[in-house]
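Read through the structure below, which is laid out as structure tokens, and then see the notes.
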Amino acid sequence: MIAKVIVDVPSRQTDRPFDYEVPKDLESWVEVGSRVGVPFGGRVLQGFVIELAETADIDPKRLKSISELLDPMPPLLPDLIELAKWMSDKYCCSWTTALQAMIPAALKGKAERYISLNDDPEFSAEEYGLTALLPEDMMDWIGKQKQVKLETLQQRFPDYAPAIKEALREGLLLEQTSIRDRLAIRKVLTVFPPEDEAAAREALQSFPARAGKQRELLAFMLERGEAMPLQAMLAEAGGSPASVRALVDKGLLGMHEVEQERDPYAGRNFQRTEPLPLMPGQQTVYERIAATVSRGESQALLLHGVTGSGKTEVYMQSIQHCLELGKQAIVLVPEISLTPQMVERFKGRFGDAVAVLHSRLSNGERYDEWRKIRSRRVEVAIGARSAIFAPFERIGLIIIDEEHESSYKQEESPKYHARDVAVRRARQHGAAVVLGSATPSLESFAAASRQPAPGKESALLPMPERVGSRPMPPVQVIDMRSELQDGNRSMFSRRLHAALIERLERGEQSVLLLNRRGYSTFVMCRSCGYTAACPHCDISLTYHQKSRALRCHYCGHAELAPKECPSCSSEHIRYFGTGTQRVEEELAKLFPGIRVIRMDVDTTTEKHSHEKLLKQFGERKADVLLGTQMVAKGLDFPFVTLVGVIAADTSLNLPDFRSAERTFQLLTQVAGRAGRHHLPGEVVIQTYSPEHYAIVTAQQHDYAAFVREELKHRGVMGYPPFCRLVLVTMSHEQLPLLSSVSEQFAERLRGLAADEGVLGPLEGGLPRAMDILGPVASPISRMKDRYRFQCVIKYRGNIDVPALLRQAMAPFIEGSPLKLVQFSIDVDPQVIL
DNA sequence: AGCACGCCGACT
DNA sequence: GTCGGCGTGCTC
């Protein structure tokens, strides 16, 4: 039997299947989706079996065998292997990169090399004159250990690296390679009840009086009747390990190590909840989803429900319906809203049938949750982006909550969008996709609004009513220019200042949003105009108050903040721009005694810090929750009655085609945080551009009006959803080389597009057109000591852009000199700046 | 990605 | 005349 294997080398030249013989004893174990260790170019690598065949495509003499099978159960299924192929085509990444993204990090095996002595009786070191090659204590040590890791050996005898190499060549030492997972399986010493219960009861009667403890322990285990960890047993029943061991030696109890699964939610009792009665609007939407799931139709439905319209309840009842049909469901949530609150709701409804996958789990915990899915112990997976790869076999429903969230796009290779992968995977399974949002992305909205095919219903499911008919909170827009004219130079407008005081007096809570972390955004000398910039990136440094450091938010570079100007030695160094740290300081100054929780990437790096901060706020241990956009998402606190946006312009003025959309979404989301319960809420938005349509429409809670206006702009400028984009970024240390290569690349690409007959501006109205902009320097023209150039490709119609790109890049990748230009391709980029 | 094979400068 | 530089090409 022959296995076609994708080896774990993410390069273009190895991005194809390689044939291997399956050893006889593994034939019944190796399947499509198996993870194997294979010899490849003189070493052993991890690979995935993507196909089994009778005969090899190459000369059988060149054929090698699979050296080991890495899991008893294949971690991948055929549908995922096909999906990975699709991803590698669509997103221009290698097949193995896509495959790796689908399995938990714990299964990313690395080859380890082991050394042992050659104990073949035929082999004689004396005969070959090799006795003096290696020191005796090394030989003894290896002999005693039987097998040692090459790394360890080299650490212990650092001067002998060449000698070890020679000994391997001469056959004095032997080498074995095997793949070791990056996985620490926790083993727990576990005590088992007696195998022969009758005999044990009998023995219990005839125990000597002085072995009272043993008798007690044996009685305890007989009564319990099931295994338990030794530590827990001793804690409950008392006694020492010695007395247990004595019982084990007598054969009355069993004891051995057991692999333990970590359940991060073990021991937590989730309050079981029953389905709530649906409002008419919810009911209609639910019925539509349920019918689609029942038909096994892979349609993508857009659930456009305002904040507080009860989307989650609709999700849960739809999942219930899906499970009743014997199918499984995947729920994707933005990482940031995968809060304990959210998990609780799903665990409460579906109990142990839910696996939770999020980034705050350790590798081991994540692997355990994943295994629950793979071994069919759960029916529902809820998690961030990568949960879309949950290894279910019969998916009936995929839900993507807050579908407009940019975190569904992975920024590293494979640069996939979970929404697009979901639609593709749903097609393989005949599953329904539900995209839920109060502020759908323009792409999804446009797709769902398209005239349905004859006989089909619209894919757009509106839910405009809020549960309990609570009104949307009133939103005040404050023009910060007139504040300044009236002599208010503070970062708080008079209205926001007064509103904060009211909350403090009434003991209610406030949420303040500022989409910029750090203390100040740039540092400038007022004498000479010097600004502090990162030495590795073309970007100004941000001052962080706590560490008194200037930091680069792109590469992490940090330096001590200067007291005087490094350029002209003047003392007129000033900090400009406001970050969350500055606001925190200002709050303390203006409102003495105010309790503030600051939440941004700087305060939430620790494992559970995010939850901890939210919990504290929920317990009303603070008056103000101040943070970057992470405070805008999915929080639900009854005592929050004020939401303040300190500067709506931060996101509005970014030179990116999505900046208006992002601002509208952010403002709408954050406004939805106020007054969700019995207390009425209030929203204050501060801005320097109060007349901008993104702000006006957000103030009026008018999504439709925003979309109308935004679509006009997108149409004029030629941006999605009127076309699709691909961003090609090229980088190199040397600017002239980069400049020349990027020009050549763009020229080749234009030539190829012209050959296809699609080159030209999109305004022409042709159904198939492709426009290549650039190359130009990237907005961040240097990052981590590499210069960056980019091309933006706009296209419309059915054009295989990845294929054209691959052809255009080929001469710069294959066999190019050592210092090659790096190409990075982002299909459907979220940000092009 | 690694590793081996192969063609030109500073050493015995 | 050799050791070693890293350019280039292959890996079932």
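Lettering of chains follows the sequences in order, A, B, ..., and the numbering in each one begins at 1. Remember, it's a predicted structure, so these values are computed and weren't measured experimentally.
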Protein-nucleotide distance (A:Phe40, atom CZ; B:dC3, atom P), rounded to Å: 13 Å
Interatomic distance where CD1 belongs to A:Ile2 and C1' belongs to C:dC12 [whole Å]: 9 Å
Nucleotide C:dC10, atom P - distance to CZ of A:Arg16 in whole Å: 11 Å
Between A:Lys415 and A:Ser824, a side-chain donor and acceptor under 3.5 Å: yes
Pair A:Glu369-A:Arg366, salt bridge (charged side-chain N to carboxylate O under 4.0 Å, His left out): steps then yes or no: CA-CA 5 Å; A:Glu369 290 295 298; A:Arg366 182 180 262 277; over 6 Å; no
Whole-Å distance separating the CZ atom of A:Arg12 from the C1' atom of C:dT11: 18 Å
Spacing between A:Ile58 atom CD1 and C:dC10 atom P, to the nearest angstrom: 15 Å
Whole-Å gap separating P (C:dG9) and CD (A:Gln13): 9 Å
Side-chain N,O (A:Arg62) to OP1/OP2 (C:dC10) below 4.0 Å: no
Distance test, side-chain N/O of A:Arg43 to OP1/OP2 of B:dG2, below 4.0 Å: yes
Carboxylate-amine/guanidinium proximity below 4.0 Å for A:Asp828 and A:Lys90: yes
Whole-Å distance separating the CZ atom of A:Phe48 from the P atom of C:dC12: 19 Å
Basic-acidic side-chain contact under 4.0 Å: A:Glu112, A:Lys149: yes
Pi stacking test for A:Phe18 and C:dC12: under 5.5 Å apart, planes under 30°: no
Sugar-phosphate, base or nothing in reach of A:Pro39, heavy atoms under 4.0 Å: sugar-phosphate
Rounded distance (Å) that lies between atom P of C:dC12 and atom CD of A:Glu51: 19 Å
